[in-house]
Amino acid sequence: MMLAALASLPLVVVSVLLAVRVSALRAALAGILIALGLVATVFRDRTDDLLPGLVSWLPTAVEVVVIIGGGIALARVMIVSGAQDVLARWLGRMTGGAVTTALLVVHGVTPFAESVTGFGVGVLVGVPLLAAAGFSPHRAAVLGLLGLCAVPWGALGPGNIVAARLIGSTPEAVGLATAWPNVVVTVGVGVAAVLMIPQGRTVRAVVAAVASGLVLATGILLSSLLIGMAPSGALGGLLAVAVHLAWRRLHGAPVTLPREVCRALAPYAVLLVGILASTLAVTRLDLTGPWSAVSSPALWLVLTCVFAVRWLGLDAGTTRPLLGEVAHLWRQTALPTAAFLGLGVLMVLGGLTVPIGDAIEASGPVALVVGPAVGAFGGFVTGSGAGSNSMFAAAQAAVAEGIGVSQLAFVGVQNAAAGMLTMASPARVLLAVRCAPTTGVAPQDRATLPRVTRSVLVVDVVLVAALAAWNLALLR
């Protein structure tokens, strides 16, 4: 137990520093320094393999930080050009009653926007749309955050890439292993969403919520099985939007696709079609080595950003300050993520995850309950599925091996829990609160950081317990 306590010291220090509001980058760097000290003193038998191992991880680190930069850039281009507003207004015209609108945003709009760009952009789209549809600021903020139910595929899934490398698997396998337990999340947030609405407290509304959540989950699962990990969240969200709009049309509402909407959708179409076509080409032609990079989400995000700038008519005067803004946001997001990844890799290569896994393994079946809670904690404190996986995926895999259950299945549940708790992380809640209207709002309807956090955490705690029950029922 002493060895496990020492090995977990970097994670404990990082968690404490994050809890007291030390920046994510500084917290991660502190964890790295402690891990290096432990490898140099207590875990010295792995020092010879450390440098070659870190070098072998460089391509993955580069891919992850490029994906982050591309996602940020695409989000800013869509917002600055006004394309995002065009899409929001169009969807606003297509929505029906309160229940339909809430489910369309929670299972369709927000997951799609978050999957193609990441970093809370789904909240930036969903909360204003809900407020414009007549929801109170508090309710709009909470529902917008519940829409972050496909975060494992946010920004085309860098968190899945990180987890796959740490446990010696593939991003596709991790994505599929996450898609199954994430059904609990998509259905659960849908039910919670309708129960928050007075008109939604009926059997019919709850059934609609379950069906809507299953549509999103089915889209993610089918894409994971038939296409690949990267576009699964986006395609699942797109399927949910299409089903909701088709339902509206069946009930007499006109559903049209104006020219300006098609123009605004073009960058997303380039991104998804590019990834799908290149993935098919790599599979059919059996491309390996450098050629397999043509299907990388990093490459297609960069190409889509270039296309979007030209297609949406951004001039040099707009593009130059935009590049500076993207670079600033990239430093704030990518550098901490890279540092968390470095900490996770260092702990794996240095052997620190082994005693941690042994200690949790000794708890027996309790480990099946602890696993989702650990992943959820990582998602909450880092605000990132990639950050949580960097910290805990390798240790979780060691636990799974020790208690005799599938590593992929166990890490998939931790990944789903981590993605879910990002919706309650301080950074995401603050983003939702800032997006909500403030003028002319009654005190009881205002979106405040404590109230919104409490509302989202209540849902998340119930769903973490459901994921623990999933582990006990299916992996025991």
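Computed over heavy atoms, backbone and side chain alike; hydrogens, waters and symmetry mates excluded.
Minimum heavy-atom separation, Val187 to Gly213: CG2-C, 4.1 Å. When all heavy atoms are compared, the tightest approach of Leu216 to Gly237 is CD1-N, 3.5 Å. Considering every non-hydrogen atom in both Ser278 and Trp300, the closest pair reads OG-NE1, 3.1 Å. Nearest heavy-atom pair across Gly350 and Val39 is CA-CG2, 3.9 Å. Residue Ala240 comes nearest to Gly108 through the heavy atom pair CB-CA, 3.9 Å, listed as atom of the first residue, atom of the second, then distance.
The backbone N or O of Cys149 sits less than 3.5 Å from a side-chain atom of Asn182, completing a donor-acceptor pair. Arg26 contributes no side-chain N or O that, together with a main-chain N or O of Ser23, makes up a donor-acceptor pair within less than 3.5 Å.
Looking at Ser295 and Thr279, their side chains never bring a donor and an acceptor atom within 3.5 Å of each other. For the residue pair Glu172/Ser224, the side-chain donor-acceptor check at 3.5 Å is not satisfied. Asn389 and Gln414 share a donor-acceptor pair across their side chains, judged by distance under 3.5 Å alone.
Note: Tyr268 and Phe112 have perpendicular aromatic rings, judged against thresholds of 30 and 60 degrees for the angle between ring planes.
Atom-to-atom distance recorded for Thr186:OG1 and Leu214:CG is 6.5 Å, nearest 0.5 angstrom. Interatomic distance, CG of Leu265 versus CG of Leu272, reported as 10.0 Å (0.5 Å rounding).
Heavy-atom contacts from other residues, nucleotides or ligands closer than 6.0 Å to CH2 of Trp90 number more than 12.
Proximity of Ser223 to Met229: side-chain heavy atoms (C-beta onward) are nowhere separated by under 4.5 Å.
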